[in-house]
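For the single chain, residues carry numbers from 1 onward in sequence order.
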Amino acid sequence: MSTIPLTTSQTVGPFFSPALLREDARRHVLTRPETVGERIRIEGHVLDGDGAPVPDALVEIWQANAYGRYHHAADVGPAKLDPSFQGFGRSGTDEDGSYWFETVKPGPVLFNGHQQAPHICVTLFARGLLNHLMTRLYFEDEPANVGDPVLLCVPEERRATLLARREQNGAATIYHFDIIMQGTNETAFFNL
């Protein structure tokens, strides 16, 4: 048994942005030409409790492919694996707090015998946070949301903070998802 005490938590220090948000560390585009699925673009802003943009945050996403399967050894579900889709993306925020990804709309995910609505796992890192924040992006136009076991755990009055708003720009489908770090419209975050 170890007697060494835990070190105290530290806020994300001033060097995380230049270290983790280098151009070669970003991954905005998750698809390749052969990737299966409906192409979508995720756009949003990271905002603080006053509604001001957070210009040096890091947003990571992790998602299943269009069939509803994660590219991970732990996902042994029956859905097909798309070898051209890894499902991981990383974006920094710009001066106006904006971020974006080009990806595919994920399929419904089977987990522990429950069908989950299509969703994207979102992790936020930002200066001043002791730990990263985790949430989920759901699609406002997805009928399966009404039966999603995780979304149903969120108080009804807070569920809208997890719904990405669909917009159509010509042939491009855009889902807009702002992440609000605190305040009355704070995004629902999960304690994982």
Side-chain angles (χ1 to χ4, degrees), residues 11-32 35 37-66 70-71 85-106 117-142 150-151 154 158-190 192:
T11 60
V12 176
F15 305 112
F16 97 95
S17 180
L20 295 176
L21 294 174
R22 298 180 326 266
E23 213 41 53
D24 64 333
R26 297 179 184 218
R27 187 159 185 223
H28 293 278
V29 179
L30 283 66
T31 61
R32 290 191 247 163
T35 302
E38 175 189 1
R39 280 3 188 215
I40 62 171
R41 183 177 168 99
I42 306 291
E43 294 181 351
H45 294 85
V46 177
L47 304 169
D48 69 11
D50 295 326
V54 179
D56 58 356
L58 169 68
V59 180
E60 289 183 346
I61 63 171
W62 174 243
Q63 67 169 96
N65 65 26
Y70 284 91
H71 191 92
F85 187 73
Q86 302 293 313
F88 173 77
R90 174 183 285 167
S91 175
T93 54
D94 292 330
E95 288 301 312
D96 63 353
S98 64
Y99 70 93
W100 63 273
F101 297 99
E102 291 180 4
T103 184
V104 293
K105 187 174 179 183
H119 65 274
I120 295 176
C121 300
V122 179
T123 304
L124 174 68
F125 300 83
R127 180 189 316 254
L129 293 178
L130 288 174
N131 292 305
H132 57 275
L133 301 173
M134 300 185 76
T135 189
R136 281 186 168 191
L137 176 162
Y138 287 89
F139 302 91
E140 69 169 2
D141 57 341
E142 180 55 56
V150 175
L151 191 57
V154 177
R158 308 247 311 120
R159 289 180 197 154
T161 67
L162 302 181
L163 300 179
R165 187 180 69 248
R166 182 183 174 119
E167 300 170 354
Q168 202 69 36
N169 184 5
T173 300
I174 300 166
Y175 283 94
H176 192 88
F177 184 68
D178 285 341
I179 303 169
I180 302 172
M181 297 177 66
Q182 61 184 166
T184 54
N185 295 317
E186 178 182 323
T187 300
F189 297 105
F190 296 96
L192 300 174

**OP:** Start with the C-alpha gap between R39 and V104, add the side-chain angles, then the distance that decides, and say whether side chain to side chain contact (heavy atoms under 4.5 Å, CB included) holds.
**Re:** CA-CA 5 Å; R39 280 3 188 215; V104 293; 3.9 Å; yes
Original post:
Checking side chain to side chain contact (heavy atoms under 4.5 Å, CB included) for the pair V150/F190: CA distance, chi angles, key distance, verdict?
Top reply: CA-CA 10 Å; V150 175; F190 296 96; 3.8 Å; yes
Original post:
For E60 and H132, what are the C-alpha separation, side-chain angles and deciding distance, and is it a side chain to side chain contact (heavy atoms under 4.5 Å, CB included)?
Top reply: CA-CA 10 Å; E60 289 183 346; H132 57 275; over 6 Å; no
Original post:
Would D178 and H176 count as a side chain to side chain contact (heavy atoms under 4.5 Å, CB included) if you check the C-alpha gap in whole Å, the side-chain angles of each, and the deciding distance to 0.1 Å?
Top reply: CA-CA 7 Å; D178 285 341; H176 192 88; 3.1 Å; yes
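Checked against ring pair (Phe, Tyr, Trp, His ring centres under 6.0 Å), F85 has no partners two or more places apart in sequence or in another chain. Applying the side chain to side chain contact (heavy atoms under 4.5 Å, CB included) test to D141 and every residue at least two apart in sequence or in another chain returns K105, F139, R166, Y175. For A188, the side chain to side chain contact (heavy atoms under 4.5 Å, CB included) criterion is met by V154, R158, T161, L162, not counting sequence neighbours. In this view, L124 and V46, A57, V59, L133, I179, M181 satisfy the side chain to side chain contact (heavy atoms under 4.5 Å, CB included) rule, not counting sequence neighbours. Taking the ring pair (Phe, Tyr, Trp, His ring centres under 6.0 Å) definition, one finds that H71 meets it with nothing, sequence neighbours left out. Applying the side chain to side chain contact (heavy atoms under 4.5 Å, CB included) rule to V29 yields the partners T31, W100, E102; only residues at least two apart in sequence or on another chain are considered.
Separating the OG1 atom in T123 from the CZ atom in R136 is a distance of 11.5 Å, to the nearest 0.5 Å. Summarising the geometry, atom CZ belonging to F177 is positioned 8.5 Å from atom CG belonging to L163; distances are rounded to the nearest 0.5 Å. Between the CG atom in L58 and the CZ atom in R26 there is a gap of 8.5 Å [rounded to 0.5 Å]. Here R90 contributes atom CZ and F101 contributes atom CZ; the two are 9.5 Å apart, rounded to the nearest 0.5 Å. The NE2 atom of H45 sits 7.0 Å away from the CG atom of L47 when rounded to the nearest 0.5 Å. Rounded to the nearest 0.5 Å, atoms CD (E38) and OG1 (T103) are 11.0 Å apart.
Residues S91 and Y99 approach most closely at OG-CB, 3.4 Å, considering heavy atoms. F88 and W62 get closest at one heavy-atom pair: CB-CE3, 3.9 Å. The two residues Y70 and C121 make their nearest non-hydrogen contact at OH-SG, 3.8 Å. Looking at every heavy atom in both residues, P118 comes nearest to P106 through CB-O, 3.2 Å. A66 approaches G37 most closely through the heavy-atom pair CB-CA, 3.7 Å.
Using a distance-only test at 3.5 Å, with no hydrogens or angles considered, no donor-acceptor pair links the side chain of T173 to the main chain of Q168. Between the side chain of D96 and the main chain of S98, a donor-acceptor pair closer than 3.5 Å is present. Using modelled atom types, no side-chain atom of D94 and backbone atom of G97 make a donor-acceptor pair closer than 3.5 Å.
Partner of I42 under the side chain to side chain contact (heavy atoms under 4.5 Å, CB included) criterion, chosen from L137, L30, I174: L137.
In this structure, R159 and L151 have side chains that are in contact, with non-hydrogen atoms separated by less than 4.5 Å. The shortest side-chain heavy-atom distance between Q63 and H119 does not fall under the 4.5 Å cut-off.
For CG of N185, the number of neighbouring non-hydrogen atoms (other residues, nucleotides, ligands) closer than 6.0 Å is 12 at most.
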